[in-house]
Amino acid sequence: MDSAIKPKRHFKLKMPGAFVILFILTVVAVAATWMIPAGSYSKLSYNQTSSHLQITDPHGKISNIPSTQKELDKLGVKIDIHQFTSGGITQAVSVPNTYKRLKQHPAGAGDITSSMVRGTIEAVDIMVFILVLGGLIGVVKASGAFESGLMALTKKTKGHEFALIFFVSILMVLGGTLCGIEEEAVAFYPILVPIFIAMGYDSIVCVGAIFLASSIGTSFSTINPFSVVIASNAAGIDFTQGIMWRVVGCIVAAAFVIIYLYWYSKKVKADSTFSYSYDDRDEFNHMWEIASTDDHQKSSFTIRKKIILLLFVSAFPIMVWGVMSQGWWFPTMASSFLAFAIIIMFLTGTGNHGLGEKGVVDAFVNGASSLVGVSLIIGLARGINLVLNEGLISDTILQFSSTLVAHMSGPTFILVMLFIFFVLGFIVPSSSGLAVLSMPILAPLADTVHIPRFVVVTAYQFGQYAMLFLAPTGLVMATLQMLNMKYSHWLKFVWPVVVFVLVFGGGILVAEVLIY
């Protein structure tokens, strides 16, 4: 009898890569436009040129009405007219009770590839931002500042490694709940991932401390203008309604995520084979870690390298300041990063040990090329949404959802509403987009079951963002592509968080219904 004990084989969920998953979903979206009936609500928007409200009916006919509260009340749109005229709501809003079935508008086989191309074109502002970020990273790496700074940091943080994860997670939660940091979070990977690797952590910890933490903050948004504020406006209420529930929920959720990250990071630190992404460890480390060197000139932390690293780090708080207080969007953020890149290229290319013009330009190009895949992922995901919208099936799903919850009791109503927003989060991954499309239709249903409308807004937050931890149509695939992480590895780590958001969030919703 062989006394040797064979190692236990664990089940491994094998899934295709990001590009294949998005291609399959594009094909599924095209097929759905043949099976789901087409239909549309009338859409209401404000025309800045004529200062009139503009209604586009399901057949595309446009009519203008005076921009007064009286006209909005006639339409059943319970939104303050000031939200339109001041620019608070810039996207078209669905008009209640105007849904019409339309002639089927199915996508064809050619739309599979054309939607990918058009989605990429639509996402070009984000893509340019990511490419510039990649170029900036490439130049800083080539300067040697990363390596020297990392060696200095690891000496100072010895024995207190989790403190950095804790600090980053808190900042990301605050960024999510206050200003909805999502796509912007990709800018923090280049500066933090090499540090986490040097501390002995894996790719899961990197995504958890940045993407997961910021998304938890957004799930429990308090004053985030891109979700709770615009959703409350579209629901016809003040966003401060229910804010204490969201504050308490955000504190509890942040504590949960930090404890979960502490448990996981402690396990990985003690035994690297515990890592959910251990299979890809070598490839991930090769991509992101800063190789050590015995060359004193290259490893010494010179004044020039300190200046380069200071400039690189300064770019990120400036970006956050611009987004929060100056209304920056991706073109402006890309321009800001490019300005820092040019200054760093000059510092890196000149001097006795400078790389020269060709050296710094090649470093920028190589850095940008390393993130081409990430940029394309964002465009391909956008293409799926184009297929669903142009197939005129998104409003049909919304109409079905509104009839599904009619005449339910309060607690049952809000839990079903949570599930509806969970599903809609896959179809419409944009928080502001889903808010203006769904709130004018679904929020008034709260009146029929005698509960406050802010509870529906809260259900929208919990439901949509629980899905966005998973949905390939959102930011997940771009994040995983950036860190070369398998989707199956991410699912294994994130599913407890999704369950927590749905169960804990559902408990908050039922409590709100019963108390009010």
Side-chain angles (χ1 to χ4, degrees), residues 22-45 53-64 75-77 89-123 234 379-406 416-417 419-445 460 463-464 467 471-474:
L22 290 175
F23 176 77
I24 292 171
L25 288 176
T26 303
V27 174
V28 171
V30 168
T33 63
W34 288 83
M35 296 181 286
I36 299 176
S40 177
Y41 287 94
S42 293
K43 297 295 191 293
L44 178 69
S45 58
L53 292 170
Q54 186 172 283
I55 301 174
T56 305
D57 73 12
H59 299 283
K61 183 180 178 182
I62 298 175
S63 57
N64 292 300
L75 294 171
V77 178
I89 294 179
T90 57
Q91 302 181 57
V93 172
S94 300
V95 180
N97 303 314
T98 59
Y99 176 81
K100 299 289 184 185
R101 285 283 299 274
L102 299 173
K103 182 180 177 181
Q104 205 67 19
H105 197 266
D111 290 310
I112 295 174
T113 51
S114 68
S115 66
M116 292 177 172
V117 173
R118 290 184 295 118
T120 303
I121 293 171
E122 276 201 7
L380 296 182
R382 190 73 61 90
I384 297 171
N385 305 131
L386 285 177
V387 171
L388 295 174
N389 291 334
E390 293 174 0
L392 303 177
I393 62 176
S394 298
D395 280 7
T396 298
I397 297 172
L398 183 59
Q399 165 66 9
F400 171 76
S401 300
S402 66
T403 59
L404 187 66
V405 295
V416 173
M417 194 69 78
F419 173 76
I420 287 171
F421 282 117
F422 182 71
V423 175
L424 291 175
F426 182 91
I427 300 168
V428 187
S430 165
S431 56
S432 58
L434 181 58
V436 298
L437 286 175
S438 64
M439 279 302 138
I441 307 300
L442 297 180
L445 297 178
Y460 140 81
Q464 184 188 33
M467 172 56 77
T473 50

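Since this is a predicted model, take the numbers as computed values, not measurements.
Partners of Q104 according to the side-chain hydrogen bond (donor to acceptor under 3.5 Å, both in side chains) rule, which considers only residues two or more places apart in sequence or in another chain, do not exist here. Judged as a side-chain hydrogen bond (donor to acceptor under 3.5 Å, both in side chains), and not counting sequence neighbours, the contacts of S394 are N389. Partners of A32 by side chain to side chain contact (heavy atoms under 4.5 Å, CB included), not counting sequence neighbours, listed by chain and number: I36, I393. Judged as a side chain to side chain contact (heavy atoms under 4.5 Å, CB included), and not counting sequence neighbours, the contacts of A107 are V30, T33, D111, V387. Listed by chain and residue number, R118 satisfy the side-chain hydrogen bond (donor to acceptor under 3.5 Å, both in side chains) test with E390 (two or more places apart in sequence, or in another chain). F426 meets the side chain to side chain contact (heavy atoms under 4.5 Å, CB included) test with L25, M467, A471, P472, T473; sequence neighbours excluded. Judged as a side chain to side chain contact (heavy atoms under 4.5 Å, CB included), and not counting sequence neighbours, N97 has no contacts.
Distance check: M116 CE to T120 OG1 gives 8.5 Å after rounding to the nearest 0.5 Å. Once rounded to the nearest 0.5 Å, the distance linking CD1 of I24 with CD1 of I384 reads 10.5 Å. The distance from the CD atom of Q464 to the CD1 atom of I427 is 11.0 Å, given to the nearest 0.5 Å.
Side-chain contact check for L442 versus L398: some heavy-atom pair is nearer than 4.5 Å. A heavy-atom distance below 4.5 Å is found between the side chains of L102 and H59. Contact annotation: the side chain of P96 approaches that of V77 to within less than 4.5 Å [non-hydrogen atoms, C-beta and beyond].
Put simply, the residue from I62, L44, T98 that forms a side chain to side chain contact (heavy atoms under 4.5 Å, CB included) with I55 is L44.
Applying the ring-ring contact (aromatic ring centres under 6.0 Å, His included) definition to pairs two or more places apart or across chains, those involving residues 99-121 are Y41-Y99. Listed by first and then second residue, the salt bridge (charged side-chain N to carboxylate O under 4.0 Å, His left out) pairs involving residues 29-43 are K43-D395 (not counting sequence neighbours).
Between the side chain of S94 and the backbone N or O of P440, no donor-acceptor pair lies under 3.5 Å. When atom types are taken as modelled, the side chain of S42 and the backbone of V95 share no donor-acceptor pair closer than 3.5 angstrom.
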Evaluate side-chain contact (heavy atoms from CB on, under 4.5 Å) for T26 paired with L380, printing each intermediate quantity in order. CA-CA 8 Å; T26 303; L380 296 182; over 6 Å; no
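Closest of all the heavy-atom pairs between K103 and A38 is O-CB, 3.7 Å.
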